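Down below is the structure, laid out as structure tokens.
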Amino acid sequence: MSTKAFASQADLQDKQVSFTKLSDHAYAYTAEGDPNTGVIIGDDAVMVIDTQATPVMAQDVIRRIREVTDKPIKYVVLSHYHAVRVLGASAYQPEHIIASQDTYDLIVERGEQDKASEIGRFPRLFRAVESVPPGLTWPTITFTGKMTIWLGKLEVQLLQLGRGHTKGDTVAWLPQERILFSGDLVEFDATPYAGDAYFRDWPQTLDNIAALQPEKLVPGRGAALTTPEQVQQGLAGTKAFISDVYACVREGVAAGKDLHTVYKDTYARLKPKYGHWVIFDHCMPFDVTRCYDEATQYPDPRIWTAERDRQMWETLEG
């Protein structure tokens, strides 16, 4: 049996980008399962949700924004702290970078390690990584729970609806249009990365999203969901995956199995149902390791370092 290349280092194929209009105010920048960016165009300014991984990659988002509006890009919102979502921020030259206080705290605690870890895992997603300025992307405004920003008459609510993908997850909600930007709390035909997740909380957080009754939704990865039926599908698929991983891992832990055995069992059980989703093989070792941690002795996610990534991969896939 050949050993798998570490994480996504073998993934070199460029993806086809789509820029989907959801309303006069909302667009989705998506790329076949690569990280998405959301765009909100208000009366007087533009807000970008999640930045792409490098300033050079962000230029493509800016180019597409400029095809539909010349309004200034005043706000960048970070749905969470992961490097692939935030390191392109400088390209927009925003007046403000907004994140939850929990996200800010995670940047303080583990931003440097996360940056090194993510760049090592998935080089293609950090194209022109040398364009990232030294240091970290720091929010200039933080909030707890809820913050409302008015782009002229357009209301944008930034909401923390619960922990899931991270403890700092933030969604952007346009109540007038019932359009939601979920960050990585929701994925579509793409495997949720759960290496920094809260498995016990995530399903309830998805129910809290569903309770808003969004009619359109931009997931963290995958195509924009443009009907209530598709939104329901995206929420249900993400919830099923997280619940299935958690159930398998808990069963293994209860039976006294070690992490390696639990991983092999969980992978085998989930592969037929989810194996066709983007980055399944990349995510599973991280997801099962975090879930095993949560089910045993670590209520909060441990910090991933480039070294820990390699050791984990060697243990589970070597």
Side-chain angles (χ1 to χ4, degrees), residues 4-19 29-39 48-66 73 76-94 97-99 103-104 106-140 165-166 168 183-184 187 190-191 193 195-196 220-222 278-279 281-283 285-286 301 303-314:
K4 291 177 187 169
F6 170 65
S8 285
Q9 289 198 343
D11 178 348
L12 305 171
Q13 199 69 47
D14 274 344
K15 307 294 185 188
Q16 184 70 42
V17 170
S18 303
F19 195 58
Y29 180 98
T30 65
E32 300 184 301
D34 276 359
N36 294 339
T37 292
V39 176
V48 168
I49 297 117
D50 292 332
T51 71
Q52 297 294 302
T54 68
V56 165
M57 295 173 76
Q59 289 299 338
D60 191 54
V61 180
I62 294 168
R63 182 172 66 78
R64 288 159 197 272
I65 291 171
R66 288 296 163 240
I73 301 169
V76 162
V77 174
L78 310 179
S79 68
H80 60 288
Y81 74 96
H82 286 152
V84 76
R85 299 290 176 183
V86 311
L87 293 182
S90 62
Y92 301 93
Q93 301 183 308
I97 298 175
I98 306 172
T103 290
Y104 188 96
L106 287 165
I107 296 171
V108 171
E109 180 191 40
R110 56 184 67 197
E112 285 291 358
Q113 294 100 318
D114 176 72
K115 181 177 174 180
S117 155
E118 285 193 60
I119 290 168
R121 292 179 196 179
F122 213 151
R124 181 178 60 75
L125 286 187
F126 290 89
R127 196 166 67 247
V129 71
E130 66 283 356
S131 67
V132 176
L136 301 174
T137 302
W138 291 104
T140 60
H165 178 68
T166 71
D184 283 324
E187 312 291 20
T191 311
Y193 171 76
D196 301 297
R221 290 173 178 266
V278 172
I279 63 168
D281 282 350
H282 172 127
C283 289
F286 295 97
I303 296 174
W304 290 103
T305 62
E307 187 187 8
R308 185 181 168 219
D309 288 358
R310 291 281 184 175
Q311 287 170 345
M312 178 276 297
W313 194 268
E314 202 50 47

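Hydrogens, waters and symmetry mates are skipped; everything else that's a heavy atom, side chains included, is used. Computed from a predicted model, the values in this text were never measured in an experiment.
- Atom CG of Leu125 sits about 8.0 Å away from atom CD1 of Ile279, to the nearest 0.5 Å.
- Here the CZ-OG1 distance, from Arg310 to Thr305, works out to 11.5 Å after rounding to the nearest 0.5 Å.
- Considering only residues two or more places apart in sequence or on other chains, Asp50 meets the side chain to side chain contact (heavy atoms under 4.5 Å, CB included) condition with Ser79, Arg85.
- The local environment of CD in Glu109 is crowded, with over 12 non-hydrogen atoms from other residues, nucleotides or ligands closer than 6.0 Å.
- Between the side chain of Asp309 and the backbone N or O of Trp304, no donor-acceptor pair lies under 3.5 Å.
- In this structure Thr103 satisfies the side-chain hydrogen bond (donor to acceptor under 3.5 Å, both in side chains) test together with Ser100, sequence neighbours excluded.
- For the pairing with Pro55, the side chain to side chain contact (heavy atoms under 4.5 Å, CB included) check across Val132, Ile62, Leu87, Val129 returns one residue only, Val132.
- With sequence neighbours excluded, the residues that form a side chain to side chain contact (heavy atoms under 4.5 Å, CB included) with Thr30 are Ser18, Ala28, Asn36.
- Here CZ of Phe286 is found 13.0 Å from OG1 of Thr191. Values are rounded to the nearest 0.5 Å.
- Ring geometry, His80 versus His165: the interplanar angle exceeds 60°, so the pair is classed perpendicular (tilted spans 30 to 60°).
- The minimum heavy-atom distance between Ala58 and Ala91, with the atom names listed, is CB-CB, 3.7 Å.
- Annotation: side-chain hydrogen bond (donor to acceptor under 3.5 Å, both in side chains) contacts of Arg308 (sequence neighbours excluded): none.
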Decide side-chain contact (heavy atoms from CB on, under 4.5 Å) for Gln93 and Ile73; before the verdict, give the C-alpha distance in whole Å, the side-chain angles of both, and the deciding distance to 0.1 Å.
CA-CA 8 Å; Gln93 301 183 308; Ile73 301 169; over 6 Å; no

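- Defined by atom type and a distance below 3.5 Å, a donor-acceptor pair is missing between the side-chain atoms of Asp184 and His82.
- Judged as a salt bridge (charged side-chain N to carboxylate O under 4.0 Å, His left out), and not counting sequence neighbours, Arg66 has no contacts.
- Legend: side-chain hydrogen bond (donor to acceptor under 3.5 Å, both in side chains) pairs involving residues 128-139, not counting sequence neighbours: none detected.
- Residues satisfying the side chain to side chain contact (heavy atoms under 4.5 Å, CB included) criterion with Val61, sequence neighbours excluded, are Tyr29, Thr37, Val39, Gln52, Ile65, Tyr92.
- Atoms CG and CG, from Leu106 and Asp114 in turn, are 9.5 Å apart once rounded to the nearest 0.5 Å.
- In this structure, the side chains of Thr166 and Tyr81 come closer than 4.5 Å at one or more pairs of heavy atoms.
- Considering only residues two or more places apart in sequence or on other chains, Gln311 meets the side chain to side chain contact (heavy atoms under 4.5 Å, CB included) condition with Glu307.
- Counting heavy atoms from C-beta outward, Tyr193 and Arg221 have side chains that stay 4.5 Å or more apart.
- By the salt bridge (charged side-chain N to carboxylate O under 4.0 Å, His left out) test, Arg127 pairs with no residue at all, sequence neighbours left out.
- One finds the CD atom of Gln113 at 12.0 Å from the NZ atom of Lys115 (value rounded to the nearest 0.5 Å).
- Side-chain atoms of Val278 and Glu187, non-hydrogen and from C-beta on, never get closer than 4.5 Å to each other.
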